[in-house]
Amino acid sequence: MNETKTLLSNVDWFRAMADQEDATPSILVGGLAISCGFSAKAVSEDKRIFGRLIQLSRRSQGLSMEALAKKANIDLQELFGIEHHSSDAPSPRTIFQLASELSLPQEKLMQLCGLAESRDDDLQSAALRFAARSDPTTQLTKEEKVALEEFVGVLTDRSESK
Amino acid sequence: MTSISLIRRDDNSLVEATLQPDLQASDLGLVERSWIDERIRIQQSLLEKKVPRRHWPESLHWNWSQKSALLRLLEYTGFGIALDSRWEGVILLKMSSSFARLDPDKNKPLAYVDYVETAPWNWNLPSLEVKGTFKGVGIILLMTAIKHSYDEGFGGRIGLHSLPQAEHFYSNVIGMTPLGPDPDKQNLQYFELQQAKASNLLTEGGVL
(Lines give C-alpha, C1' and ligand atoms only; values in the text may rest on other atoms or scores of the structure.)
Protein backbone atom coordinates (compact mmCIF):
# COMPACT_ATOMS: atom_id res chain seq x y z
CA MET A 1 0.00 0.00 0.00
CA ASN A 2 1.42 3.40 -0.91
CA GLU A 3 1.43 5.66 2.10
CA THR A 4 0.80 9.34 1.47
CA LYS A 5 3.06 11.66 3.42
CA THR A 6 2.65 15.41 3.82
CA LEU A 7 5.75 17.54 3.32
CA LEU A 8 4.97 20.71 5.27
CA SER A 9 2.65 20.00 8.18
CA ASN A 10 2.96 23.43 9.80
CA VAL A 11 0.44 25.25 7.66
CA ASP A 12 0.71 28.59 9.47
CA TRP A 13 4.47 28.64 8.95
CA PHE A 14 4.02 27.74 5.28
CA ARG A 15 1.47 30.52 4.76
CA ALA A 16 3.79 33.09 6.35
CA MET A 17 6.73 31.94 4.24
CA ALA A 18 4.62 31.91 1.08
CA ASP A 19 3.62 35.53 1.75
CA GLN A 20 7.27 36.47 2.10
CA GLU A 21 8.08 34.65 -1.14
CA ASP A 22 5.26 36.54 -2.80
CA ALA A 23 6.88 39.84 -1.90
CA THR A 24 10.07 38.92 -3.81
CA PRO A 25 10.35 39.18 -7.61
CA SER A 26 11.90 35.79 -8.37
CA ILE A 27 13.30 32.46 -7.16
CA LEU A 28 15.48 31.79 -10.22
CA VAL A 29 18.95 30.25 -10.04
CA GLY A 30 21.50 30.21 -12.81
CA GLY A 31 23.37 26.90 -12.53
CA LEU A 32 21.78 24.74 -15.23
CA ALA A 33 21.10 27.69 -17.51
CA ILE A 34 24.78 28.64 -17.58
CA SER A 35 25.80 24.98 -18.09
CA CYS A 36 23.48 24.91 -21.12
CA GLY A 37 24.95 28.09 -22.56
CA PHE A 38 22.19 30.54 -21.62
CA SER A 39 23.31 33.89 -20.41
CA ALA A 40 22.15 34.72 -16.93
CA LYS A 41 21.93 38.28 -18.14
CA ALA A 42 19.00 39.10 -20.34
CA VAL A 43 19.91 37.88 -23.81
CA SER A 44 18.58 40.04 -26.54
CA GLU A 45 15.38 38.39 -27.73
CA ASP A 46 15.92 40.06 -31.08
CA LYS A 47 19.28 38.36 -31.51
CA ARG A 48 17.68 35.00 -30.85
CA ILE A 49 14.98 35.71 -33.40
CA PHE A 50 17.59 36.87 -35.90
CA GLY A 51 19.37 33.53 -35.55
CA ARG A 52 16.13 31.63 -36.04
CA LEU A 53 15.25 33.69 -39.12
CA ILE A 54 18.62 33.01 -40.72
CA GLN A 55 18.36 29.31 -39.96
CA LEU A 56 14.85 28.87 -41.36
CA SER A 57 15.60 30.98 -44.41
CA ARG A 58 18.64 28.84 -45.11
CA ARG A 59 16.70 25.62 -44.68
CA SER A 60 13.86 26.88 -46.86
CA GLN A 61 16.38 27.17 -49.67
CA GLY A 62 17.68 23.66 -48.99
CA LEU A 63 21.12 24.93 -47.99
CA SER A 64 23.43 23.40 -45.44
CA MET A 65 25.31 25.77 -43.14
CA GLU A 66 28.49 25.03 -45.05
CA ALA A 67 26.84 25.82 -48.36
CA LEU A 68 25.40 29.13 -47.15
CA ALA A 69 28.68 30.16 -45.54
CA LYS A 70 30.46 29.45 -48.83
CA LYS A 71 27.88 31.24 -51.01
CA ALA A 72 27.79 34.27 -48.70
CA ASN A 73 31.57 34.22 -48.29
CA ILE A 74 31.35 34.33 -44.50
CA ASP A 75 33.05 32.31 -41.78
CA LEU A 76 31.23 29.02 -41.02
CA GLN A 77 31.89 29.39 -37.31
CA GLU A 78 30.33 32.83 -37.31
CA LEU A 79 27.24 31.47 -39.08
CA PHE A 80 27.00 28.67 -36.52
CA GLY A 81 27.20 31.25 -33.71
CA ILE A 82 24.48 33.37 -35.34
CA GLU A 83 22.05 30.46 -35.72
CA HIS A 84 22.63 29.32 -32.15
CA HIS A 85 22.65 32.89 -30.77
CA SER A 86 25.86 32.20 -28.92
CA SER A 87 28.03 34.76 -30.66
CA ASP A 88 28.36 38.50 -30.38
CA ALA A 89 26.45 40.64 -32.88
CA PRO A 90 27.54 39.79 -36.44
CA SER A 91 29.40 42.40 -38.43
CA PRO A 92 27.50 44.66 -40.84
CA ARG A 93 29.36 42.94 -43.69
CA THR A 94 28.07 39.53 -42.57
CA ILE A 95 24.54 40.86 -42.37
CA PHE A 96 24.84 42.40 -45.83
CA GLN A 97 26.11 39.09 -47.26
CA LEU A 98 23.37 37.04 -45.57
CA ALA A 99 20.67 39.52 -46.60
CA SER A 100 21.82 39.26 -50.21
CA GLU A 101 22.01 35.47 -50.31
CA LEU A 102 18.74 34.93 -48.47
CA SER A 103 16.85 37.82 -50.12
CA LEU A 104 16.06 39.51 -46.81
CA PRO A 105 15.94 43.28 -46.12
CA GLN A 106 19.30 44.30 -44.71
CA GLU A 107 18.03 47.23 -42.60
CA LYS A 108 15.57 45.05 -40.71
CA LEU A 109 18.22 42.42 -40.10
CA MET A 110 20.46 45.14 -38.65
CA GLN A 111 17.67 46.09 -36.22
CA LEU A 112 17.03 42.49 -35.20
CA CYS A 113 20.63 41.82 -34.25
CA GLY A 114 20.98 45.08 -32.41
CA LEU A 115 23.17 47.01 -34.83
CA ALA A 116 20.49 49.59 -35.54
CA GLU A 117 17.80 51.14 -33.40
CA SER A 118 14.31 49.73 -33.78
CA ARG A 119 11.20 51.73 -32.95
CA ASP A 120 8.76 49.40 -34.63
CA ASP A 121 6.62 47.61 -32.02
CA ASP A 122 4.61 45.78 -34.69
CA LEU A 123 7.85 44.34 -36.01
CA GLN A 124 8.77 43.17 -32.53
CA SER A 125 5.40 41.48 -32.07
CA ALA A 126 5.72 39.84 -35.48
CA ALA A 127 9.23 38.67 -34.55
CA LEU A 128 7.96 37.12 -31.35
CA ARG A 129 5.14 35.25 -33.08
CA PHE A 130 7.63 33.96 -35.63
CA ALA A 131 10.01 32.71 -32.93
CA ALA A 132 7.19 30.95 -31.11
CA ARG A 133 6.00 29.09 -34.20
CA SER A 134 9.38 27.93 -35.45
CA ASP A 135 11.51 25.10 -34.18
CA PRO A 136 15.01 24.10 -35.31
CA THR A 137 14.44 20.66 -36.87
CA THR A 138 15.95 19.56 -40.12
CA GLN A 139 13.02 19.97 -42.49
CA LEU A 140 10.71 22.96 -42.35
CA THR A 141 7.28 21.99 -41.22
CA LYS A 142 4.23 23.45 -42.91
CA GLU A 143 3.75 25.74 -39.91
CA GLU A 144 7.38 26.90 -40.05
CA LYS A 145 7.00 27.68 -43.76
CA VAL A 146 3.91 29.77 -43.06
CA ALA A 147 5.61 31.50 -40.12
CA LEU A 148 8.69 32.25 -42.19
CA GLU A 149 6.69 33.59 -45.14
CA GLU A 150 4.59 35.80 -42.91
CA PHE A 151 7.58 37.24 -41.06
CA VAL A 152 9.57 37.86 -44.23
CA GLY A 153 6.44 39.53 -45.59
CA VAL A 154 6.36 41.89 -42.60
CA LEU A 155 10.08 42.63 -42.93
CA THR A 156 9.75 43.32 -46.65
CA ASP A 157 6.59 45.46 -46.33
CA ARG A 158 8.18 47.64 -43.70
CA SER A 159 11.31 48.13 -45.74
CA GLU A 160 9.36 49.03 -48.86
CA SER A 161 7.05 51.45 -47.06
CA LYS A 162 9.97 53.60 -45.87
CA MET B 1 3.69 9.66 -2.59
CA THR B 2 4.09 13.08 -0.97
CA SER B 3 1.20 15.45 -0.63
CA ILE B 4 1.68 19.22 -0.52
CA SER B 5 -0.61 22.22 -0.51
CA LEU B 6 -0.44 25.23 -2.75
CA ILE B 7 -2.15 28.48 -1.81
CA ARG B 8 -4.58 29.92 -4.31
CA ARG B 9 -3.91 33.64 -4.46
CA ASP B 10 -7.41 34.91 -5.09
CA ASP B 11 -8.99 33.40 -1.98
CA ASN B 12 -6.00 32.09 0.06
CA SER B 13 -7.47 28.58 0.02
CA LEU B 14 -5.25 25.52 0.20
CA VAL B 15 -5.22 23.27 -2.85
CA GLU B 16 -3.80 19.78 -2.57
CA ALA B 17 -1.11 18.82 -5.07
CA THR B 18 1.48 16.07 -5.40
CA LEU B 19 5.24 16.22 -5.14
CA GLN B 20 6.56 14.02 -7.91
CA PRO B 21 10.09 12.64 -7.40
CA ASP B 22 12.66 11.23 -9.85
CA LEU B 23 12.50 13.94 -12.47
CA GLN B 24 15.53 14.05 -14.74
CA ALA B 25 17.03 17.01 -16.54
CA SER B 26 15.62 15.59 -19.77
CA ASP B 27 12.11 16.00 -18.36
CA LEU B 28 12.65 19.74 -18.41
CA GLY B 29 12.07 19.81 -22.15
CA LEU B 30 8.66 18.22 -21.60
CA VAL B 31 7.81 20.62 -18.79
CA GLU B 32 8.81 23.53 -21.00
CA ARG B 33 6.35 22.47 -23.68
CA SER B 34 3.55 22.90 -21.20
CA TRP B 35 4.85 26.30 -20.12
CA ILE B 36 5.93 27.83 -23.45
CA ASP B 37 2.51 29.18 -24.51
CA GLU B 38 2.16 31.13 -21.28
CA ARG B 39 5.73 32.44 -21.55
CA ILE B 40 5.00 33.70 -25.05
CA ARG B 41 1.77 35.36 -23.95
CA ILE B 42 3.65 37.12 -21.16
CA GLN B 43 6.37 38.29 -23.55
CA GLN B 44 3.78 39.68 -25.94
CA SER B 45 2.09 41.57 -23.11
CA LEU B 46 5.43 42.98 -21.94
CA LEU B 47 6.17 44.18 -25.46
CA GLU B 48 2.74 45.66 -25.96
CA LYS B 49 2.97 47.58 -22.69
CA LYS B 50 6.56 48.63 -23.54
CA VAL B 51 7.88 47.34 -20.22
CA PRO B 52 11.67 47.94 -20.07
CA ARG B 53 13.58 44.68 -20.50
CA ARG B 54 15.37 45.09 -17.20
CA HIS B 55 11.96 44.50 -15.56
CA TRP B 56 11.22 41.32 -17.52
CA PRO B 57 11.33 37.94 -15.72
CA GLU B 58 14.91 36.77 -16.10
CA SER B 59 14.08 33.30 -17.47
CA LEU B 60 11.92 34.41 -20.40
CA HIS B 61 14.77 33.91 -22.88
CA TRP B 62 15.72 30.41 -21.73
CA ASN B 63 14.57 27.89 -24.32
CA TRP B 64 14.97 24.43 -22.76
CA SER B 65 13.43 22.58 -25.69
CA GLN B 66 16.42 23.63 -27.79
CA LYS B 67 18.75 22.14 -25.22
CA SER B 68 17.00 18.78 -24.87
CA ALA B 69 19.95 16.82 -26.27
CA LEU B 70 22.30 18.32 -23.71
CA LEU B 71 19.81 17.78 -20.90
CA ARG B 72 19.83 14.04 -21.58
CA LEU B 73 23.52 13.94 -20.73
CA LEU B 74 23.19 15.55 -17.31
CA GLU B 75 22.80 13.68 -14.01
CA TYR B 76 20.13 15.10 -11.74
CA THR B 77 17.64 14.35 -9.06
CA GLY B 78 14.50 16.35 -9.56
CA PHE B 79 11.09 16.99 -8.11
CA GLY B 80 8.01 18.51 -9.65
CA ILE B 81 4.75 19.79 -8.23
CA ALA B 82 1.90 18.21 -10.14
CA LEU B 83 -1.69 19.43 -10.04
CA ASP B 84 -4.45 18.42 -12.47
CA SER B 85 -1.91 17.07 -14.97
CA ARG B 86 0.02 20.35 -15.00
CA TRP B 87 3.48 21.08 -13.63
CA GLU B 88 3.27 23.96 -11.17
CA GLY B 89 6.98 24.03 -10.37
CA VAL B 90 10.18 22.03 -10.86
CA ILE B 91 13.51 21.76 -9.04
CA LEU B 92 16.65 19.92 -10.20
CA LEU B 93 19.47 19.05 -7.81
CA LYS B 94 23.03 17.87 -8.33
CA MET B 95 23.89 15.52 -5.53
CA SER B 96 27.55 14.86 -6.29
CA SER B 97 30.71 16.97 -6.55
CA SER B 98 29.38 19.97 -4.63
CA PHE B 99 30.89 20.82 -1.26
CA ALA B 100 30.25 23.54 1.27
CA ARG B 101 32.61 26.51 1.25
CA LEU B 102 31.32 28.06 4.46
CA ASP B 103 32.40 27.20 8.00
CA PRO B 104 31.50 25.25 10.09
CA ASP B 105 30.35 22.94 7.24
CA LYS B 106 33.34 23.57 4.97
CA ASN B 107 34.17 20.69 2.59
CA LYS B 108 31.09 18.70 3.56
CA PRO B 109 28.86 17.59 0.68
CA LEU B 110 25.76 19.59 -0.12
CA ALA B 111 22.86 19.43 -2.57
CA TYR B 112 23.39 21.96 -5.34
CA VAL B 113 20.22 23.56 -6.72
CA ASP B 114 20.90 23.81 -10.43
CA TYR B 115 17.41 24.75 -11.55
CA VAL B 116 14.20 25.86 -9.86
CA GLU B 117 11.21 27.53 -11.40
CA THR B 118 7.54 28.05 -10.87
CA ALA B 119 5.15 27.78 -13.82
CA PRO B 120 4.67 31.08 -15.67
CA TRP B 121 0.97 31.27 -14.75
CA ASN B 122 2.07 31.47 -11.10
CA TRP B 123 4.26 34.53 -11.61
CA ASN B 124 3.38 37.86 -10.06
CA LEU B 125 3.99 40.50 -12.72
CA PRO B 126 3.47 43.98 -11.25
CA SER B 127 4.39 45.65 -14.55
CA LEU B 128 1.42 43.88 -16.15
CA GLU B 129 -0.78 44.11 -13.03
CA VAL B 130 -0.95 40.34 -13.06
CA LYS B 131 -1.18 38.14 -9.98
CA GLY B 132 -0.31 34.50 -10.54
CA THR B 133 -2.55 31.57 -9.70
CA PHE B 134 -0.71 29.87 -6.82
CA LYS B 135 1.81 31.03 -4.24
CA GLY B 136 4.21 29.07 -2.08
CA VAL B 137 5.70 27.04 -4.95
CA GLY B 138 9.22 28.30 -4.30
CA ILE B 139 9.05 27.53 -0.58
CA ILE B 140 7.82 24.01 -1.26
CA LEU B 141 10.55 23.33 -3.81
CA LEU B 142 13.35 24.71 -1.62
CA MET B 143 12.10 22.79 1.42
CA THR B 144 12.03 19.70 -0.79
CA ALA B 145 15.68 20.29 -1.65
CA ILE B 146 16.62 20.78 1.99
CA LYS B 147 14.75 17.64 3.05
CA HIS B 148 16.32 15.61 0.24
CA SER B 149 19.75 16.84 1.33
CA TYR B 150 18.90 15.78 4.89
CA ASP B 151 17.59 12.36 3.80
CA GLU B 152 20.76 11.74 1.78
CA GLY B 153 22.96 12.42 4.80
CA PHE B 154 24.02 15.94 3.76
CA GLY B 155 22.46 17.52 6.83
CA GLY B 156 20.04 19.67 4.82
CA ARG B 157 22.91 21.73 3.36
CA ILE B 158 22.20 23.28 -0.04
CA GLY B 159 24.03 25.66 -2.36
CA LEU B 160 23.00 27.66 -5.43
CA HIS B 161 23.85 30.59 -7.68
CA SER B 162 21.02 33.10 -7.52
CA LEU B 163 19.93 35.31 -10.36
CA PRO B 164 19.91 38.98 -9.34
CA GLN B 165 16.10 39.26 -8.98
CA ALA B 166 16.08 36.27 -6.60
CA GLU B 167 18.85 37.31 -4.20
CA HIS B 168 16.40 38.80 -1.71
CA PHE B 169 14.41 35.52 -1.64
CA TYR B 170 17.45 33.41 -0.83
CA SER B 171 19.03 35.75 1.71
CA ASN B 172 15.96 37.14 3.50
CA VAL B 173 13.27 34.48 3.09
CA ILE B 174 15.22 31.19 3.07
CA GLY B 175 18.02 32.65 5.23
CA MET B 176 20.95 31.51 3.11
CA THR B 177 24.39 33.10 3.41
CA PRO B 178 25.81 34.93 0.37
CA LEU B 179 29.44 34.18 -0.38
CA GLY B 180 29.95 36.77 -3.10
CA PRO B 181 29.85 36.86 -6.91
CA ASP B 182 31.29 33.74 -8.53
CA PRO B 183 33.42 34.50 -11.61
CA ASP B 184 32.93 30.89 -12.78
CA LYS B 185 29.17 31.46 -12.97
CA GLN B 186 28.86 34.80 -14.74
CA ASN B 187 29.42 36.59 -11.42
CA LEU B 188 26.13 35.35 -9.99
CA GLN B 189 25.92 35.51 -6.22
CA TYR B 190 26.66 32.12 -4.62
CA PHE B 191 24.55 31.19 -1.56
CA GLU B 192 24.79 28.38 0.96
CA LEU B 193 22.40 27.12 3.63
CA GLN B 194 24.27 25.86 6.65
CA GLN B 195 23.26 22.67 8.42
CA ALA B 196 22.10 24.42 11.59
CA LYS B 197 19.78 26.76 9.65
CA ALA B 198 18.53 23.85 7.56
CA SER B 199 17.58 21.96 10.72
CA ASN B 200 15.68 24.98 12.01
CA LEU B 201 13.75 25.31 8.75
CA LEU B 202 12.86 21.62 8.66
CA THR B 203 11.64 21.79 12.26
CA GLU B 204 9.69 25.05 11.83
CA GLY B 205 8.05 23.77 8.68
CA GLY B 206 6.92 20.58 10.36
CA VAL B 207 9.02 18.45 8.03
CA LEU B 208 10.94 16.76 10.85
Side-chain angles (χ1 to χ4, degrees), chain A residues 1-49 51-52 83-85 119 121-129 131-133 135-137, chain B residues 1-5 7 14 19 25 36 40 43-44 47-48 50 53-54 56-67 70-71 74 92 94 112-118 124 135-136 138-144 147 160-163 165-166 168-169 172-173 185-186 188 204-207:
Chain A
M1 184 172 76
N2 285 331
E3 186 186 320
T4 301
K5 304 169 283 185
T6 300
L7 179 66
L8 296 172
S9 62
N10 188 340
V11 176
D12 291 337
W13 178 90
F14 171 54
R15 282 188 181 276
M17 291 292 278
D19 285 343
Q20 290 186 60
E21 177 191 342
D22 231 27
T24 63
S26 169
I27 63 169
L28 289 172
V29 301
L32 181 61
I34 293 170
S35 301
C36 287
F38 299 133
S39 172
K41 304 179 186 71
V43 168
S44 161
E45 179 69 21
D46 291 343
K47 225 197 290 187
R48 194 167 73 81
I49 292 167
R52 188 76 58 79
E83 290 198 8
H84 294 82
H85 48 87
R119 297 279 178 259
D121 291 334
D122 287 343
L123 172 61
Q124 294 217 27
S125 292
L128 198 60
R129 285 195 301 276
R133 290 158 64 196
D135 190 75
T137 54
Chain B
M1 192 174 75
T2 302
S3 170
I4 45 123
S5 293
I7 303 170
L14 293 174
L19 189 65
I36 189 70
I40 289 166
Q43 285 189 71
Q44 286 180 321
L47 280 171
E48 281 161 19
K50 298 180 178 22
R53 296 220 175 187
R54 64 183 178 279
W56 287 26
E58 288 166 316
S59 64
L60 270 183
H61 58 280
W62 295 348
N63 188 336
W64 296 107
S65 55
Q66 284 196 320
K67 299 292 183 181
L70 179 60
L71 294 175
L74 301 173
L92 294 173
K94 260 197 204 159
Y112 181 76
V113 181
D114 224 3
Y115 172 81
V116 61
E117 193 163 14
T118 180
N124 275 340
K135 60 182 175 181
I139 294 296
I140 291 168
L141 292 173
L142 267 297
M143 290 300 288
T144 299
K147 178 160 192 308
L160 54 87
H161 288 84
S162 169
L163 260 65
Q165 289 180 0
H168 181 87
F169 175 71
N172 293 58
V173 181
K185 291 282 188 184
Q186 298 183 12
L188 295 184
E204 286 170 359
V207 180

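All of these numbers come straight from a predicted model, not from anything done at the bench. Numbered from 1 within each chain, the chains take letters A, B, ... in sequence-line order. Values below: all heavy atoms of this structure, side chains included; hydrogens, waters and symmetry mates excluded.
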Side chain to side chain contact (heavy atoms under 4.5 Å, CB included) partners for B:N172, two or more places apart: B:H168

May I ask you to name which of A:N10, A:V29, A:T24 has the most heavy-atom pairs under 4.5 Å with chain B? A:V29

Take the angle between the ring planes of B:W62 and A:F38 and call it parallel below 30°, perpendicular above 60°, tilted in between. parallel

Which pair of non-hydrogen atoms, one from B:W64 and one from A:C36, has the smallest distance, and what is that distance? CZ3-SG, 4.0 Å

For the atom pair CE (A:M17) and CD1 (B:I139), what is the distance rounded to the nearest 0.5 Å? 4.0 Å

Backbone N/O of B:G206 and side chain of A:S9: donor-acceptor pair under 3.5 Å: yes

Gap separating the CD atom of B:Q186 from the CD1 atom of A:I34, nearest 0.5 angstrom: 4.0 Å

Just verifying a value: how many Å separate A:E21 CD and B:L142 CG, rounded to the nearest 0.5 Å? 8.0 Å

Mind checking whether A:F14 and B:M143 have side chains closer than 4.5 Å, heavy atoms only? no

Greatest number of heavy atom pairs closer than 4.5 Å to chain A - which of B:I4, B:I140, B:I36, B:L92: B:I140

Test item: B:I7 and A:R15 side chains (from C-beta on) under 4.5 Å apart, heavy atoms: yes

Could you give me the CA-CA distance, side-chain angles and deciding distance for A:L32 and B:L71, then say whether side chain to side chain contact (heavy atoms under 4.5 Å, CB included) is met? CA-CA 9 Å; A:L32 181 61; B:L71 294 175; 4.1 Å; yes

Could you tell me which non-hydrogen atom of A:G31 sits nearest to which non-hydrogen atom of B:Y112, and how far apart they are? CA-OH, 3.7 Å

What pairs with A:T6 under side chain to side chain contact (heavy atoms under 4.5 Å, CB included), at least two apart in sequence or on another chain? B:S3

Return the minimal non-hydrogen interatomic distance between A:S35 and B:K185, and the atom names on each side. OG-NZ, 4.0 Å

Does B:Q165 use its side chain to pair, donor to acceptor, with the backbone of A:S26 at less than 3.5 Å? no

Could you tell me which of B:E204, B:H161, B:E117, B:K135 has the largest number of non-hydrogen atom pairs under 4.5 Å with chain A? B:E204

